[in-house]
Amino acid sequence: MTADDSYGRLDDDDYPAYTMGRAAEMLGTTQGFLRAIGEARLITPLRSAGGHRRYSRYQLRIAARARELVDQGTPIEAACRIVILEDQLEEAQRINAEHCRAAELSNPTAAA
């Protein structure tokens, strides 16, 4: 991979660009917190060739939401489950909206 290829991936939300230390620093949390949410299967960081955890921006957003809940007193396992359910709900709502748009396009007179 060339430097030009790497720069193109910086806009990719799923590109694992952040080390564990940097991710923890950005979230204002500890590396132990990141390990804990990994063990709870909220996020699964990719591994570098050397075996080090790497996090994407998407994963950092998920971790930040879990951190908010934990900071409010929610146990970490419960926080992880809440975040997973919120993510599933958002995806289901997106799919439902797509189906509604497709149905309206296939039968425009029924929408009127």
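All figures in this text were calculated on a predicted structure; none of them were measured in a lab. The analysis underlying the following values was restricted to heavy atoms, covering all of them including side chains, and did not include hydrogens, waters or symmetry mates. One is the number of the first residue; the rest follow in order along the sequence.
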Point-to-point distance, once rounded to the nearest 0.5 Å, from [atom1] of [X] to [atom2] of [Y]:
{"X": "D14", "Y": "L46", "atom1": "CG", "atom2": "CG", "value": "9.5 Å"}
{"X": "N96", "Y": "L89", "atom1": "CG", "atom2": "CG", "value": "10.5 Å"}
{"X": "L42", "Y": "I37", "atom1": "CG", "atom2": "CD1", "value": "5.0 Å"}
{"X": "S56", "Y": "R54", "atom1": "OG", "atom2": "CZ", "value": "13.0 Å"}
{"X": "D13", "Y": "Q59", "atom1": "CG", "atom2": "CD", "value": "10.5 Å"}

Could you tell me which non-hydrogen atom of [X] sits nearest to which non-hydrogen atom of [Y], and how far apart they are?
{"X": "V70", "Y": "I76", "value": "CG2-CA, 3.9 Å"}
{"X": "F33", "Y": "T29", "value": "CB-OG1, 3.2 Å"}
{"X": "A66", "Y": "A79", "value": "O-CB, 4.0 Å"}

Side-chain touch [X]/[Y], heavy atoms, less than 4.5 angstrom:
{"X": "R65", "Y": "D87", "result": "no"}
{"X": "Y18", "Y": "R57", "result": "yes"}
{"X": "L27", "Y": "L34", "result": "yes"}

For R53, what residues pass the side chain to side chain contact (heavy atoms under 4.5 Å, CB included) criterion, not counting sequence neighbours?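 Result, side chain to side chain contact (heavy atoms under 4.5 Å, CB included) vs R53: M20, R35, P45, R47, Y55.
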Restricting to side chain to side chain contact (heavy atoms under 4.5 Å, CB included), what partner residues turn up for E98, sequence neighbours left out? R94, R101
Taking T74 for its side chain and A78 for its backbone only, find out whether a donor-acceptor pair lies under 3.5 Å. no
Under the side chain to side chain contact (heavy atoms under 4.5 Å, CB included) rule, what do Y58 and I43 come out as? Steps first, then yes or no, please. CA-CA 10 Å; Y58 173 75; I43 58 175; over 6 Å; no
Identify, with sequence neighbours excluded, every residue that meets salt bridge (charged side-chain N to carboxylate O under 4.0 Å, His left out) alongside E25. R22
I'd like to know whether CD of E91 has more than 12 heavy-atom contacts from other residues, nucleotides or ligands below 6.0 angstrom. yes
